[in-house]
Amino acid sequence: MAGGVVYRGRGDNMKGSLSIALPAPPLPPRASRLACLAAATVAFLVGVAVGVTLPLVLTSPPEAPPHSLPRHVQAVEASTESGGGLVVTAPLHTWAPPPVLNSEPNLAASTAASNISEQAPISSGWTINSTEWLDKDMPLDVAENQVEWGDMGSALLEDEVYWGAGVEAALPRGFPDSEVESWRKLIRRQAVARLQDGCGRMQNRLLTFTNGTKSCCRYRQNHDQIQGEIFSFYLSRLLGLTNVPPSALGVVRAGAWQWAGVGNQLALAQWAEERPVVMTRFVEDLAPAHIPVPLRPSRRRLHPLEVESLDPRDLAGLAELAQWSDLIVFDYLTANLDRVVNNLYNMQWNPGMMEAPAHNLARHAPSGLLVFLDNESGLLHGYRLLDKYETFHASLLNALCVFRRSTAESIKRLVMAKDVGERLKKMFRRHEPDLQDVLPPIPDKSVKILNERLASVHKQISRCERMYRNS
């Protein structure tokens, strides 16, 4: 066969055959050189094209979908009145102020925030797809209390040492003035139907009024602890703190209409006649509250750097930490011995005390409110023991360099006016006009110490401002 070779198997009667083509004869030398030159030229041109276009492709990546970005840098959408949208990027460093948007505030976001915190400052109305940020396993009542930091167009901190508007908006409402006033009216119009053991110390009792409302009633032999409880409550209202449950004074009179139905129970409780008591609203659904991790070690500190290391999506945790900043200030002012200082003092016997729940502090599970309980050692008893416990009080205050702006402003007003004593006495006269002869007002010596401690807190706030605003 021309151009090939035919291989026959056994027998010539095989129907198939295998044909293998022979290679073509080589090109002449001149033609071979031309073919090589053409191939080299084509390869060069292809290399140039790839070298030019490849950098352009690599430096212009396709736009990633929003869900592929880290959550803390997802786009924040600011709606305008016209219905249009403006997309900005949340600052990576939360100390940075939010961008200024040429748009009107989002009324819906502002309204929602005001429902959560009456005193929360309202900033520009940014919104975000916040349902994506919520923990799907979080109980509904807790999830509904979450407000994304982008909703208020704020950073975690403002002016370096103050909690931002987003954190403020996430704070539980607490006990507003309207509830405090309603409580005062209720205990003056309702008879006591039952006394039973409970509410801490041996002689305290859990009261039930005829309408079913309950109260933790504090009874003491000494006036100073009753004074400490009620005047600490008044001070919390002056500072704008809504974490102390509504409280009001009463007086034990077995023959009076309010106590007539529980005369035998009064005798069993060994409550004496004409003794003042503090009636505090009973709060349901309380859980233990633990000391935040930054405040547990011996070198404790809650400064801007510690806040910056936290997850900005954890609004519940940040709101609780903001309440702790108020608690430290409040307990320093009153020299309360029976809360965190109790944990600190007992570390000499139990090194794990700072990991245990804080004494006389509870967390309202549905809302996340920290409830400041049992303030009877404040302002009088605690002041007498400052020589023993001031080291613990000072260590907590010195560890704090992040504050709520509203609390800092209240401190400044009281320091400038130097009228905290008169304000407390005025509140006592206004709210308890019929009990002026039953309980003495706050002593002048306590007022003097309180003014000194107000000045110390104001000095700490100013020191933190200078330290971090210049950094």
Side-chain angles (χ1 to χ4, degrees), residues 174-175 179-180 183-184 198-201 203-206 215-250 276-283 286 289 291 323-345 357-364 369-386 389 392-393 396-397 407 410-411 414 420-421 423-425 427-428 431-432 439-443 446-447 449-450 453-454 457:
F175 305 100
E179 293 185 17
V180 173
W183 178 251
R184 293 192 184 105
C199 297
R201 309 246 178 156
Q203 285 194 294
N204 291 351
R205 289 295 183 270
L206 178 64
S215 168
C216 275
C217 191
R218 185 174 305 278
Y219 177 94
R220 290 290 180 274
Q221 294 293 338
N222 299 322
H223 281 161
D224 62 352
Q225 291 170 311
I226 299 298
Q227 290 171 289
E229 186 73 32
I230 195 65
F231 283 105
S232 291
F233 172 70
Y234 291 160
L235 179 62
S236 73
R237 307 310 294 186
L238 284 181
L239 295 173
L241 308 185
T242 59
N243 302 78
V244 182
S247 301
L249 286 176
V277 292
V278 179
M279 297 179 177
T280 299
R281 196 175 96 183
F282 182 77
V283 184
L286 294 183
I291 299 169
Q323 293 176 82
W324 269 93
S325 68
D326 273 348
L327 176 66
I328 291 173
V329 168
F330 182 60
D331 281 357
Y332 177 84
L333 292 176
T334 62
N336 191 317
L337 308 173
D338 293 334
R339 206 161 4 245
V340 184
V341 168
N342 180 280
N343 290 66
L344 288 171
Y345 183 75
H359 196 55
N360 288 323
L361 181 68
R363 181 179 180 274
H364 184 238
L369 178 73
L370 290 183
V371 182
F372 304 171
L373 303 168
D374 191 358
N375 300 287
E376 66 175 22
S377 69
L379 299 173
L380 286 91
H381 183 64
Y383 284 177
R384 286 199 296 270
L385 297 174
L386 280 176
Y389 293 103
F392 302 108
H393 294 301
L396 289 168
L397 180 64
T407 304
S410 296
I411 296 287
L414 292 173
V420 65
R423 283 173 176 260
L424 292 173
K425 293 174 183 177
M427 293 177 75
F428 179 48
H431 297 313
E432 310 292 350
L439 186 72
I442 184 172
S446 292
V447 172
I449 297 174
L450 176 56
R453 297 180 82 78
L454 283 166
V457 174

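Every heavy atom of this structure was used, including side-chain atoms; hydrogens, water molecules and symmetry mates were not. Along the sequence shown, residues carry numbers from 1.
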*asked:* If I compare all heavy atoms of Gln323 with all of Leu370, which pair ends up nearest, and what's the gap?
replied: OE1-N, 2.8 Å

*Roughly how far apart are Ile230 CD1 and Leu439 CG, rounded to 0.5 Å?*
8.5 Å

*Out of curiosity, Phe233 CZ to His431 NE2, how far, rounded to the nearest 0.5 Å?*
7.5 Å

*Within-4.5 Å side-chain heavy-atom neighbours: Leu327 and Asn243*: no

*Hey, could you give me the CG/CG distance between Asp331 and Leu397, rounded to the nearest 0.5 Å?*
11.5 Å

*Side chain of Ser247, backbone of Pro245: donor and acceptor closer than 3.5 Å?*
yes

*side chain to side chain donor-acceptor pair (under 3.5 Å): which pairs involve residues 229-238, sequence neighbours left out?*
Asp177-Arg237, Arg218-Glu229

*Examine Arg453 relative to Tyr332 and say whether NZ or CZ is less than 6.0 Å from the centre of the six-membered ring and inside a 45° cone about the ring axis.*
yes

*So, do Val457 and Leu454 sit near enough that their side-chain heavy atoms are less than 4.5 Å apart?*
no

_Heavy-atom side-chain contact between Leu249 and Ile226 under 4.5 Å_ = yes

*Taking all heavy atoms of Phe282 and all of Leu206, pick out the closest pair and write down the distance.*
CD1-CD1, 3.7 Å

*Report yes if the side chains of His359 and Val340 come closer than 4.5 Å at any heavy-atom pair, otherwise no.*
no

*asked:* Less than 4.5 Å apart, side chain to side chain, heavy atoms only: is that true for Asn375 and Arg339?
replied: yes

*Indicate the atoms forming the closest heavy-atom contact of Phe231 with Ile442, along with that distance.*
CZ-N, 3.3 Å

*Walk me through it: do Phe330 and Thr407 pass the test side chain to side chain contact (heavy atoms under 4.5 Å, CB included)?*
CA-CA 10 Å; Phe330 182 60; Thr407 304; over 6 Å; no

*Do the side chain of Gln225 and the main chain of Arg220 share a donor and acceptor less than 3.5 angstrom apart?*
no

*Might you point out which heavy atoms bring Asp374 and Asn336 nearest each other, and give the distance in Å?*
O-ND2, 3.7 Å

_Assess the residue pair Trp183 and Val180 against the criterion (side chain to side chain contact (heavy atoms under 4.5 Å, CB included)); give the C-alpha distance rounded to whole Å, side-chain angles, the decisive distance to 0.1 Å, and a yes or no._
CA-CA 5 Å; Trp183 178 251; Val180 173; 5.8 Å; no

*Without swapping roles, check the side chain of Ser215 against the backbone of Thr280 for a donor-acceptor pair under 3.5 Å.*
yes

*asked:* Can you confirm whether Arg423 is buried at CZ, in the sense that more than 12 heavy atoms of other residues, nucleotides or ligands lie under 6.0 Å from that atom?
replied: no

_If you compare all heavy atoms of Leu333 against all heavy atoms of Leu450, which two are closest, and at what distance to 0.1 Å?_
O-CD1, 3.8 Å

*Given Leu239 and Asp326, is the side chain to side chain contact (heavy atoms under 4.5 Å, CB included) satisfied, shown in steps?*
CA-CA 9 Å; Leu239 295 173; Asp326 273 348; over 6 Å; no

*asked:* To the nearest 0.5 Å, what is the distance between CD on Glu376 and CG on Asn222?
replied: 10.0 Å

_Minimum heavy-atom distance between Asn342 and Asp338, given as atom pair plus value_ = CB-C, 4.1 Å

*Under a 4.5 Å cut-off applied to non-hydrogen side-chain atoms, are Arg281 and Glu179 in contact?*
yes

*Give a yes or no on whether the backbone of Pro440 and the side-chain of Gln227 come within a donor-acceptor separation of less than 3.5 Å.*
yes

*asked:* Using the rule given for side chain to side chain contact (heavy atoms under 4.5 Å, CB included), can you reason through Val371 versus Leu361, listing the C-alpha separation, both sets of side-chain angles and the distance that settles it, and then say yes or no?
replied: CA-CA 6 Å; Val371 182; Leu361 181 68; 6.0 Å; no

*Inspect cysteines Cys216 and Cys199 and report if their side-chain SG atoms are under 2.5 angstrom from one another.*
yes

*Does Leu373 offer a backbone N or O that forms a donor-acceptor pair with the side chain of Asn360 under 3.5 Å?*
no

*Inter-residue atom distance Leu386.CG - Tyr389.OH, 0.5 Å rounding*: 11.0 Å

*Could you grab the distance from atom CG of Asp224 to atom NE2 of His381, nearest 0.5 Å is fine?*
7.5 Å

*State whether the side chain of Ser446 and the backbone N or O of Leu379 hold a donor-acceptor pair below 3.5 Å, judged by distance alone.*
yes

